[in-house]
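The structure appears right after this line, and notes come after that.
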Amino acid sequence: MSQRATILTLTRAVEALSEASSLKGLFHKHQAGAPLPSGQRLQEIVEISRSILFPGFYGKATLHLSTLEYHIGVNVQRLHALLSEQIHAGLCFAGDQDKSQEEQSEERRHAADIATTLIERMPAIRQVLATDVEAAYNGDPAAESYGEIISCYPVIKALTNYRLAHELHLLGVPLIPRMMTELAHSETGIDIHPAATIGHHFTIDHGTGVVIGATCIIGNHVKLYQGVTLGAKSFPLDEHGNPIKGIPRHPILEDHVVVYSNATILGRITIGEGCVVGANIWVTEDMEPNTKKVKKV
């Protein structure tokens, strides 16, 4: 192809890619002064948060108890700045693109307030993550220490992202919580929607391939194995044939439930307290408390 023909071909491609009719729902109009969400910044937020929640296990600094408060203080200050920026970006991305300067300033203040509230909740987040570490340790005979669980087990990385993202979801932050859990999904193979509700002492053995849907409710002392899906059975449609959003469509797992590898539990059903769901099982109906469902050989 000649140089002239190449230029003409590329020009036509540019024109086609810029055609407004091809961009419906695929183009985000940026407003001056409104930051865009950044995956790189969110990854930094995750790394700083992990170093605050599990000091000495994450982060670059060599910590001693005498300098711990200083290091956490420095990290909290940096975290607040990054969170404020990214929460503001999420609010801008999801909201009206034509805001006045005064409205933008108010939105920035609101983002900073949300960041402050999340950091205020981090001691409670650490407490529940400590129960998750305990559950992972007690649930795996191969684990030799809590330190091994925190450093090596993908479930702790995924749950740290999830529990932070869930709080942001509860605080009404759009987009950013989902991006944070998707970072964990990419890192660990564990896909937890930030809107899901998960109790304390939760663990996932191995972890790869687990899916937990947005409207799942999971109780305390629940254990899943790799490949488990807690999903939706079907999507009811409205009169126009579009899926109806915002309705409960994922399972409820009560306390002390164990679900073994590659089990699939679908729909708004309840798996009662103390139930055991065997490997490679398909469950679409309620299970009474303290019952088992296994695949017969």
Side-chain angles (χ1 to χ4, degrees), residues 1-50 60 78-112 114-115 154 157-158 161-162 164-165 168-169 172-195 208-209 211 213-214 229 231-232 235 237-246:
M1 185 179 290
S2 69
Q3 185 176 8
R4 177 179 174 78
T6 298
I7 292 173
L8 288 172
T9 299
L10 295 178
T11 299
R12 285 193 294 269
V14 169
E15 291 172 349
L17 289 168
S18 303
E19 179 62 41
S21 61
S22 72
L23 292 170
K24 185 177 180 181
L26 305 176
F27 172 60
H28 177 71
K29 181 182 176 182
H30 181 62
Q31 181 181 10
L36 290 172
S38 166
Q40 184 176 359
R41 292 291 198 193
L42 287 171
Q43 184 61 54
E44 187 176 354
I45 285 170
V46 167
E47 291 170 0
I48 293 172
S49 297
R50 289 175 180 176
K60 298 178 181 179
R78 175 62 175 161
L79 178 62
H80 186 268
L82 288 170
L83 274 171
S84 299
E85 173 194 71
Q86 290 306 299
I87 291 168
H88 182 215
L91 294 171
C92 289
F93 192 88
D96 183 6
Q97 298 303 309
D98 297 315
K99 295 186 179 73
S100 67
Q101 291 295 323
E102 184 178 349
E103 288 172 326
Q104 290 186 44
S105 296
E106 177 57 35
E107 200 165 58
R108 279 191 290 271
R109 286 192 291 270
H110 180 48
I114 293 174
K157 295 180 174 69
N161 284 38
Y162 156 76
L164 290 165
L168 289 173
H169 168 77
V173 178
L175 188 64
I176 300 305
R178 190 66 188 270
M179 291 179 71
M180 289 177 67
T181 54
E182 285 303 319
L183 287 172
H185 186 193
S186 297
E187 182 182 11
T188 67
I190 299 171
D191 182 2
I192 308 176
H193 195 285
T208 307
V211 177
T229 296
F235 300 93
L237 306 178
D238 63 19
E239 64 273 17
H240 303 294
N242 298 315
I244 300 173
K245 295 181 179 290

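Please read these numbers as outputs of a predicted model, since none were measured by experiment. Values below: all heavy atoms of this structure, side chains included; hydrogens, waters and symmetry mates excluded.
- Remark: Glu85 engages Arg41 in a salt bridge, criterion side-chain N to carboxylate O under 4.0 Å.
- Between the Glu107 side chain and the His88 main chain, no donor and acceptor come within less than 3.5 Å of each other.
- Partners of His80 by side chain to side chain donor-acceptor pair (under 3.5 Å), not counting sequence neighbours, listed by chain and number: Thr116.
- Scanning both residues, Ala184 and Ala158, for their nearest heavy atoms gives CB-CA, 3.9 Å.
- In plain terms, the two heavy atoms of Ala115 and Ser84 that are nearest each other are CB-OG, 3.5 Å.
- Under the rule for a side chain to side chain donor-acceptor pair (under 3.5 Å), the partners of Ser105 that lie at least two apart in sequence or sit in another chain are Arg108.
- The closest donor-acceptor contact from the side chain of Ser22 to the backbone of Ser18 lies at 3.5 Å or more, if one exists at all.
- Checked by atom type and distance alone, the side chain of His240 never pairs as donor or acceptor with a backbone atom of Asn242 at under 3.5 Å.
- Once rounded to the nearest 0.5 Å, the distance linking CD of Gln43 with CE of Met179 reads 11.0 Å.
- If you take CZ on Arg4 and OG1 on Thr9, they are separated by 11.0 Å, rounding to the nearest 0.5 Å.
- Residues Pro37 and Gly90 come closest through the heavy atom pair CG-N, 4.4 Å.
- Interatomic distance, CD of Gln40 versus CG of Leu183, reported as 11.5 Å (0.5 Å rounding).
- Taking each heavy atom of Ile48 and Leu79 in turn, the nearest pair found is CG2-CB, 3.9 Å.
- No salt bridge links Arg12 with Glu15; every basic N to acidic carboxylate O contact stays at or beyond 4.0 Å.
- Closest non-hydrogen pair, Ser38 versus Gln86, comes out as N-OE1, 2.8 Å.
- Two residues are said to be in side-chain contact when any heavy atoms from C-beta on lie closer than 4.5 Å; Val173 and Leu91 fail this criterion.
- The distance from the CG atom of Asp191 to the OG1 atom of Thr208 is 12.5 Å, given to the nearest 0.5 Å.
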- Using the side-chain contact (heavy atoms from CB on, under 4.5 Å) rule, take Asn161 and Arg50 through it: C-alpha gap first, then chi angles, then the decisive distance, then the call. CA-CA 9 Å; Asn161 284 38; Arg50 289 175 180 176; 3.1 Å; yes
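- Using a 4.5 Å heavy-atom cutoff, the side chains of Thr181 and His193 are not in contact.
- In this structure, the separation between CG on Asp238 and NZ on Lys245 is 10.5 Å, given to the nearest 0.5 Å.
- Between Leu164 and Leu168 there is no side-chain heavy-atom pair separated by less than 4.5 Å.
- Nearest heavy atoms, Ala195 versus His169: CB-NE2, 3.5 Å.
- At distances below 3.5 Å, at least one donor-acceptor pair connects side-chain atoms of Thr188 with backbone N or O atoms of Ile190.
- One finds the CD1 atom of Ile45 at 9.0 Å from the CZ atom of Arg78 (value rounded to the nearest 0.5 Å).
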